[in-house]
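Reading through the structure tokens given below for one structure.
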Amino acid sequence: MKKKALALLLGICMITMTACGNASSQTSGEAPASTADEGAADDTAGAEDAQAQGEAAGSAVAGVVWYNFADTFISNARQTLINIGAADGTITITDADSTNDVSTQTSNMNNFFTQGVDYLVLNNINTGAITEICDQIQAEGCYGIFANTDTPSDEDFAKNDKLYSVSSVATQSGTIMGEALAEYWQAHPEADRNGNGKLDYVMLLGIQGHYDTTVRSQYSVQALEDAGIEVNNIGGEIICDYSRATAQEKVAALLANYSDDIDAVIACNDDMALGAIEALKAGGFFTGDDTYLPVCGVDATVNGCQAIKDGTMLVTALNNPVMLAKSIYKVMYLTNSGQEVTTESMGLEGVSVEGHRVWLDYSPVTIDNVDQATYDINDTAF
């Protein structure tokens with residue numbers, strides 16, 4: 001994967017107070033989390049309704065399969081995409097929740113294929129079956145967009161000119177965490193809590209085998225090693241499935257044996273980082289300067305940024321859910337009107353196009369620029 005240059009956060013829209021399409025107000029840029037147990041039956045009914053609405057309005061229909069509505073980042077991207085579709089009217093958006101389950105994802109996909117959607121947008125978790133899914137999309141004759149997940153191979157793209165991927169450059173997020181942690185370690189000799197000369201870290205992983213999990217963990221450690229820091233992984237592979245509750249539980253268990261040895265926590269998303277912070281607080285950390293422990297995350301969620309302001313998170317990497325939703329919609333908008341998808345035609349800051357791959361840049365968020373790390377899920381301009 002080609003590594004992009006990191007950009008500081010400029011020109012990102014400020015968070016608004018009122019959520020579009022909801023009677024209740026919001027005080028942050030995060031969408032209200034949908035329950036993950038709504039069920040495939042409800043999703044299918046929604047697909048049927050959307051298909052009928054799309055046909056009545058003369059618009060194209062997109063079936064969007066998200067890996068988990070309960071994920072904070074996904075919740076924001078999902079709501080933004082719905083808002084853009086409603087405001088523009090060119091593409092009718094309907095979506096389904098896979099509840100982090102491969103069989104449910106497969107069922108959701110098949111439901112949308114049955115409905116005859118024009119676009120299948122897939123936030124894929126079945127990473128071992130990408131080519132098979134691409135072949136199925138081609139057989140159905142609709143456009144396929146892999147969103148915020150592993151990109152299909154060059155061979156997959158060569159077989160189908162209706163195939164696209166829209167994703168952030170995940171390697172950047174790992175590098176951002178590692179570089180920030182290296183800078184902190186080198187500036188704070190006291191960070192070596194057991195005095196062994198090594199940075200003893202805990203790595204909290206997302207979904208096992210998921211591309212973001214793999215590269216975020218690898219590139220964060222690589223950045224530390226590139227800085228000349230000797231590292232030691234405490235606890236091995238700690239799979240938390242991007243879940244805050246799971247991370248809190250597993251870090252709490254780890255503290256029972258390694259409370260005096262852990263120098264840092266690297267988490268592959270903000271939700272897991274926040275879970276780790278809660279466990280660390282319960283374990284006596286963050287009660288004074290001598291109990292600080294650097295925690296790194298990814299996504300720059302509202303709660304993640306608040307943790308940076310509170311001094312409990314060292315760094316996060318902005319994976320802008322609004323920009324993801326805009327990019328997904330723009331690909332559909334352009335192809336629906338017969339236009340070519342290029343960096344110029346996308347026209348979105350921090351977004352570049354290589355063939356049928358659309359890349360979004362990450363940006364580092366620290367205490368120095370956290371007030372700029374804002375986005376608005378009601379921003380429908382694309």
Please state whether the rings of Phe382 and Tyr333 are parallel, tilted or perpendicular, taking 30° and 60° as the class boundaries.
perpendicular
Short side-chain donor-acceptor distance under 3.5 Å, [Y] and [X]:
X: Asp101; Y: Thr99; answer: no
X: Asp260; Y: Asn194; answer: no
X: Gln172; Y: Asp361; answer: yes
X: Thr246; Y: Asp241; answer: no
X: Thr90; Y: Ser59; answer: no

Taking all non-hydrogen atoms of both residues, which atom of [X] and which atom of [Y] are closest, and how far apart?
X: Gly297; Y: Ala273; result: CA-CB, 4.2 Å
X: Cys268; Y: Ser217; result: SG-N, 4.2 Å
X: Thr301; Y: Tyr375; result: CA-OH, 3.7 Å
X: Gln105; Y: Ile125; result: OE1-N, 3.0 Å
X: Ser173; Y: Arg216; result: OG-CG, 3.1 Å
X: Met332; Y: Ile145; result: CG-CD1, 3.5 Å

Side chain to side chain contact (heavy atoms under 4.5 Å, CB included) between Val331 and Val166, intermediate numbers included:
CA-CA 9 Å; Val331 169; Val166 179; 4.0 Å; yes
When you check the gap from the basic side-chain N to the acidic O, do [X] and [Y] get nearer than 4.0 Å?
X: Asp379; Y: Lys326; value: yes
X: Lys159; Y: Asp135; value: yes
X: Lys198; Y: Asp261; value: no

Using a 3.5 Å distance criterion without hydrogens, assess whether the side chain of [X] forms a donor-acceptor pair with backbone atoms of [Y].
X: Asn369; Y: Gln372; answer: no
X: Asp263; Y: Arg193; answer: yes
X: Asp192; Y: Gly197; answer: yes
X: Thr312; Y: Ile308; answer: no
X: Thr343; Y: Val353; answer: yes
X: Ser337; Y: Leu334; answer: yes
X: Asn110; Y: Thr106; answer: yes
X: Gln218; Y: Thr171; answer: no
X: Asp270; Y: Ala300; answer: yes
X: Lys330; Y: Ser345; answer: yes

Going from [atom1] on [X] to [atom2] on [Y], what distance comes out if it is rounded to the nearest 0.5 angstrom?
X: Glu354; Y: Thr151; atom1: CD; atom2: OG1; value: 10.0 Å
X: Met346; Y: Gln339; atom1: CE; atom2: CD; value: 11.5 Å
X: Phe157; Y: Ser165; atom1: CZ; atom2: OG; value: 4.0 Å
X: Leu204; Y: Asp271; atom1: CG; atom2: CG; value: 12.0 Å
X: Gln136; Y: Leu120; atom1: CD; atom2: CG; value: 8.0 Å
X: Ile328; Y: Ser167; atom1: CD1; atom2: OG; value: 9.5 Å

Is [Y] close to [X] at the side-chain level, that is, under 4.5 Å between some pair of heavy atoms?
X: Gln79; Y: Asn83; value: yes
X: Leu224; Y: Leu181; value: yes
X: Cys305; Y: Val365; value: yes
X: Tyr67; Y: Asp97; value: no
X: Asn232; Y: Leu199; value: no
X: Asn319; Y: Asn148; value: yes
X: Asp118; Y: Asn336; value: no
X: Ile130; Y: Asn124; value: yes

Residues, nucleotides or ligands: over 12 heavy atoms within 6.0 Å of [X] [atom1]:
X: Glu225; atom1: CD; result: yes
X: Gln208; atom1: CD; result: no
X: Gln138; atom1: CD; result: yes
X: Glu140; atom1: CD; result: yes

Residues Asn100, Ile207; criterion side chain to side chain contact (heavy atoms under 4.5 Å, CB included); working and verdict:
CA-CA 9 Å; Asn100 198 18; Ile207 301 169; 3.2 Å; yes
Centroid-centroid under 6.0 Å between Tyr184 and Tyr292 rings
yes
Centroid-centroid distance, Tyr164 to Phe146, less than 6.0 Å
no
Full working for side chain to side chain donor-acceptor pair (under 3.5 Å) between Asp310 and Gln306:
CA-CA 6 Å; Asp310 294 340; Gln306 185 59 52; 2.9 Å; yes
Candidate pair Tyr242 and Thr213, rule side chain to side chain donor-acceptor pair (under 3.5 Å), full reasoning:
CA-CA 9 Å; Tyr242 297 124; Thr213 290; 2.9 Å; yes
For side chain to side chain donor-acceptor pair (under 3.5 Å), just list the numbers for Thr342 and Glu340, CA-CA rounded to whole Å, side-chain angles, deciding distance to a tenth of an Å, and then say yes or no.
CA-CA 6 Å; Thr342 65; Glu340 185 179 359; over 6 Å; no
Can you list the steps and then say if Asp154 with Arg357 is a salt bridge (Lys or Arg N to Asp or Glu O under 4.0 Å)?
CA-CA 10 Å; Asp154 291 342; Arg357 293 183 176 98; 2.9 Å; yes
Determine whether Val121 and Tyr143 satisfy the following criterion, side chain to side chain contact (heavy atoms under 4.5 Å, CB included), listing intermediate values before the conclusion.
CA-CA 8 Å; Val121 180; Tyr143 281 89; over 6 Å; no
Go through the steps for Leu314 and Thr366 under the test side chain to side chain contact (heavy atoms under 4.5 Å, CB included), then give the verdict.
CA-CA 7 Å; Leu314 175 68; Thr366 66; over 6 Å; no
Please step through side chain to side chain donor-acceptor pair (under 3.5 Å) for the pair Asn160 and Asp156, ending with a clear verdict.
CA-CA 7 Å; Asn160 185 4; Asp156 293 326; over 6 Å; no
